[in-house]
Amino acid sequence: MSIYDSMNERQREAVFHTEGPLLILAGAGSGKTRVLTHRIAYLIEEKGVNPWNILAITFTNKAAGEMRERVDRLVAFGAESVWVSTFHSACVRILRRHIDRLGYDSKFTIYDSDDQKTLMKDICKRLQIDTKQWKEKTLLGIISSAKNELIGAQEYEMNTMGDFSKRKIAEAYKEYQRQLRTNNALDFDDLIMKTVELFKLNPDVLEAYQERFKYIMVDEYQDTNTAQFKLISLLASKYQNLCVVGDDDQSIYKFRGANIRNILNFEDVFPSARVVKLEQNYRSTKTILDAANHVIRNNLERKNKTLWTANDGGAPIIFQNFMTAYEEAEYIAEDLAKRVAAGDGNYSDCAILYRTNAQSRLLEEKFLLANIPYRIIGGVNFYARKEIKDLLSYLKTVDNARDDLAVRRIINVPRRGIGAATLAKVQDFAVENEISFYNALRAAEEIPALGRSVAKLKPFVTLIQTLRAQQEYFSVAELLKEVIDRTDYVKELEDENTEESRARIENIDELISKAASYDEEAENPTLSGFLEEVALVADIDNLEENNDRVVLMTLHSAKGLEFPNVYLAGMEDGIFPSYMTIVSEDPTDLEEERRLCYVGITRAMRQLTITSARSRMIRGETQYNKVSRFIQEIPRELVQVGSMIKPKVQELPKQTAYIQAKQAFQAKAFEPKQYKVTKADKLEYGVGDRVKHIKFGAGTVENIVEGGKDYEVTVNFDRAGVKKMFAAFAKLKRE
DNA sequence: GGCATAGCTTTTTTT
DNA sequence: AAGCTATGCC
């Protein structure tokens with residue numbers, strides 16, 4: 001029996017079709033990773049393809065690692081020679097070797113969005129662009145979109161003739177690229193675009209890689225952008241052995257430049273392409289799959305396919321609507337704990353998915369209270385944290401002092417009494433003499449305008465020079481420790497001794513151990529190598545499997561994952577679908593949200609619980625939302641609607657299931673205006689009074705603010721601390 | 001010239 | 001709720 005016997009016919013068709021373009025339309029849970037890994041195995045074992053000639057592109061480093069591992073298990077040997085990586089890391093690898101052809105130094109650094117913003121802020125100042133009118137982020141967004149479409153600064157400028165505001169943007173774009181070049185840095189989009197540029201300008205290099213990668217596979221193809229498409233087209237144009245796998249229904253990265261046309265028009269670009277559809281789902285129960293199918297059916301822009309499963313019907317989907325996001329979070333924590341306690345899976349079998357990172361806060365709070373082990377993916381990326389960026393900037397400066405941004409970030413961290421005025425003078429000197437910022441620092445004595453400030457700059461330069469001298473003899477971890485020692489970075493945090501500073505120290509410890517494990521594991525560890533690795537990690541890459549914790553993450557991060565028990569939280573119009581897409585004139589924006597919903601539903605294997613809240617705090621103010629329109633698209637018979645308000649809190653006579661169902665499903669009943677709080681004419685308590693809350697117990701009223709709809713009462717509870725609450729909900733009783 | 005603080009604004013998703 | 005900017009103070 002061969003390893004291919006256990007596959008279904010479609011899957012086998014995809015595996016055995018090795019020559020020429022191939023489009024695999026793989027629905028959610030249809031075993032596409034399995035197909036890809038078996039296809040690689042088949043190429044190597046049966047077709048005698050040299051593993052060295054295979055390139056597999058995945059979406060995240062985590063997916064790449066998993067794929068390599070799985071191929072390793074299927075193939076006797078050679079798996080390690082297969083290139084499995086993300087677009088970005090593949091491009092970095094190529095650029096490190098050949099970027100000198102484009103006039104860059106091979107030691108280039110990679111700018112994250114934080115660095116980009118700092119740089120753009122600087123440019124706006126210099127070009128006198130009003131950042132009230134054009135925010136840095138907006139400009140960067142426009143530049144990013146241009147790069148994703150392979151439109152360079154020059155070309156962008158040519159297209160903007162006559163349009164005044166666009167010309168200003170073009171100017172910013174040009175200056176931005178110029179700055180990147182002088183700093184010897186690339187941003188994320190550059191990694192792809194510069195590689196395409198490299199191939200276009202250097203046919204010999206392109207040909208070498210075409211020969212190298214005779215067989216190319218691309219996973220999550222629906223989320224590739226134009227630049228990425230061009231890249232693989234170039235690579236595959238010689239041998240045409242391009243296999244792409246994707247699901248147009250799971251395209252959720254349009255905002256990042258993903259071009260859904262890449263998958264919808266694949267057959268037009270490669271007329272000889274074979275198309276294989278994988279429509280059998282092995283992951284979810286019939287109920288869950290039915291729900292997903294009914295939701296996605298409302299999209300117009302999609303390839304025709306219907307996912308089916310031979311799995312059981314399974315448990316109904318549970319839908320719960322709550323008064324507040326607070327209760328919602330509480331319910332999820334309780335329900336989850338109950339299920340785990342009942343032996344219905346482990347914590348790691350559960351995932352909470354939400355639309356925005358901000359929603360994780362409340363959930364986290366409740367999980368902490370309930371003592372449920374959890375892990376939050378996303379939010380502020382580990383490597384984007386201040387303390388980590390500070391220390392990495394030191395390492396960057398030691399490694400590549402052409403990166404002005406890094407130098408400027410740390411020159412006054414820890415405080416050395418060097419301020420904006422001093423920096424401006426150094427900057428002027430650097431521009432005048434066309435040298436880097438750091439070299440200007442080294443020559444500080446020659447800047448007359450500085451005066452006595454020179455004395456403050458000297459120790460910094462000495463420090464960097466010393467570290468640079470040590471670099472040769474130190475491992476990355478040792479160098480990092482040296483930085484920490486010499487700057488007293490951790491010592492300052494220790495003195496601060498707050499909860500926040502302790503968390504920062506923990507992060508620093510984690511960074512040290514990451515450096516140490518890099519030193520150990522890398523084939524040929526270098527400082528540049530470490531910095532590069534660190535620049536390209538996504539948060540999801542660090543999701544360890546052998547850890548019994550609930551995962552909390554955005555729907556976007558959840559792509560490609562599966563969990564027996566999934567909670568979709570915050571299913572409200574305005575949250576999901578987001579407000580922006582509801583008011584958007586472009587109806588395809590809403591379709592993308594629906595695809596996201598489809599992705600969310602199809603993550604669940606056995607149990608899906610959907611929750612929403614009538615009110616929730618957003619950016620400091622309470623919002624009232626209707627139940628998400630996507631809920632209406634799920635057939636009623638698949639859903640079990642739970643009680644809306646927890647009986648504990650609410651003492652109304654129990655409503656029948658029918659009335660509850662009606663309430664939950666009649667979206668019209670949830671017009672914001674209809675949600676009225678009966679504002680008491682007068683409260684029975686005042687500031688300073690002792691009151692009692694059903695859950696928090698006794699406390700003292702600290703403040704009462706009269707809002708439009710209700711009184712907002714601040715109470716300092718003896719046990720639970722200070723809470724702000726609406727009088728109508730709090731039901732406070734005078735003690 | 002540098003540092004602390006009080007108001008002011010927020011695109012949701014990320015390699 | 002939180003980060004950033006402008007302002008005032010040392």
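Just so it is clear, the structure is predicted and the values come from calculations on it, not from any experiment. Throughout, protein chains are lettered first and strands after them, A, B, ... in sequence-line order, and every chain is numbered starting at 1.
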Open item on the list: Regarding A:D112 and A:Y383, do their side chains bring together a donor and an acceptor under 3.5 Å, going by distance alone?
Closed with: no

Task: Side-chain N or O of A:T581 closer than 4.0 Å to phosphate OP1/OP2 of B:dT12 - done: no

Open item on the list: For a quick check of understanding: with a heavy-atom distance under 4.0 Å over all strands, which category does A:Y253 fall into, base, sugar-phosphate or nothing?
Closed with: sugar-phosphate

TODO: With sequence neighbours left out, write down each residue that passes side-chain hydrogen bond (donor to acceptor under 3.5 Å, both in side chains) with A:Y104, or none if nothing qualifies.
DONE: none

Task: Pairing residues for A:T195 by the side-chain hydrogen bond (donor to acceptor under 3.5 Å, both in side chains) criterion, not counting sequence neighbours - done: none

Between the protein and nucleotides 8-10 of chain C, are there any N/O to N/O pairs under 3.5 Å, and if so, what are the atom names and distances?
none

May I have the list of side-chain donor-acceptor pairs in residues 116-123 of chain A shorter than 3.5 Å, sequence neighbours left out?
from	atom 1	to	atom 2	distance (Å)
A:Q116	NE2	A:Y176	OH	3.0
A:Q116	NE2	A:D187	OD2	3.3
A:T118	OG1	A:D114	O	2.9
A:D122	OD2	A:R126	NH2	2.7

Open item on the list: My understanding is that only residues two or more places apart in sequence, or in another chain, count here; which of them pass side-chain hydrogen bond (donor to acceptor under 3.5 Å, both in side chains) with A:T554?
Closed with: A:S557

Open item on the list: When you measure from the side-chain N and O atoms of A:N357 to the phosphate of B:dT13, is any distance below 4.0 Å, counting only OP1 and OP2?
Closed with: yes

Open item on the list: Distance check needed: B:dT14 C1' versus A:L596 CG, whole Å only.
Closed with: 13 Å

TODO: Say whether A:S584 and A:D586, considering side chains only, have a donor N or O and an acceptor N or O under 3.5 Å apart.
DONE: no

- [ ] Please check if any side-chain donor atom of A:E149 sits under 3.5 Å from a side-chain acceptor atom of A:T226, or the reverse.
- [x] yes

Open item on the list: For a quick check under 3.5 Å, do A:Q177 and A:Q179 share a side-chain donor-acceptor pair by atom type?
Closed with: no

- [ ] Indicate, with a heavy-atom threshold strictly under 4.0 Å, whether A:N412 touches base, sugar-phosphate, or nothing.
- [x] sugar-phosphate

- [ ] Decide, applying a 5.5 Å centre-distance limit and a 30° plane-angle limit (both strict), whether A:F59 stacks on B:dT15.
- [x] no

TODO: Determine: side-chain N/O of A:T60 to OP1/OP2 of B:dT15, distance under 4.0 Å, yes or no.
DONE: no

Open item on the list: Would the base of B:dT12 count as contacting A:S578 through its side chain, where contact means a donor and an acceptor less than 3.5 Å apart?
Closed with: yes

Open item on the list: Looking only at the side chains, is there a donor atom on one of A:K425 and A:S453 sitting less than 3.5 Å from an acceptor on the other?
Closed with: no

Open item on the list: Please give the distance between the C1' atoms of C:dA6 and B:dT11 as a whole number of Å.
Closed with: 25 Å

Give me the distances for all protein-to-nucleotides 6-11 of chain B N/O pairs that come in under 3.5 Å?
from	atom 1	to	atom 2	distance (Å)
B:dT10	OP1	A:K135	NZ	3.4

Open item on the list: Is the phosphate of C:dA2 approached by A:R361 (side-chain N or O, under 4.0 Å from OP1 or OP2)?
Closed with: yes

TODO: For A:D112, report the nucleic acid contact type (base, sugar-phosphate, nothing); a contact means any heavy atom under 4.0 Å.
DONE: nothing

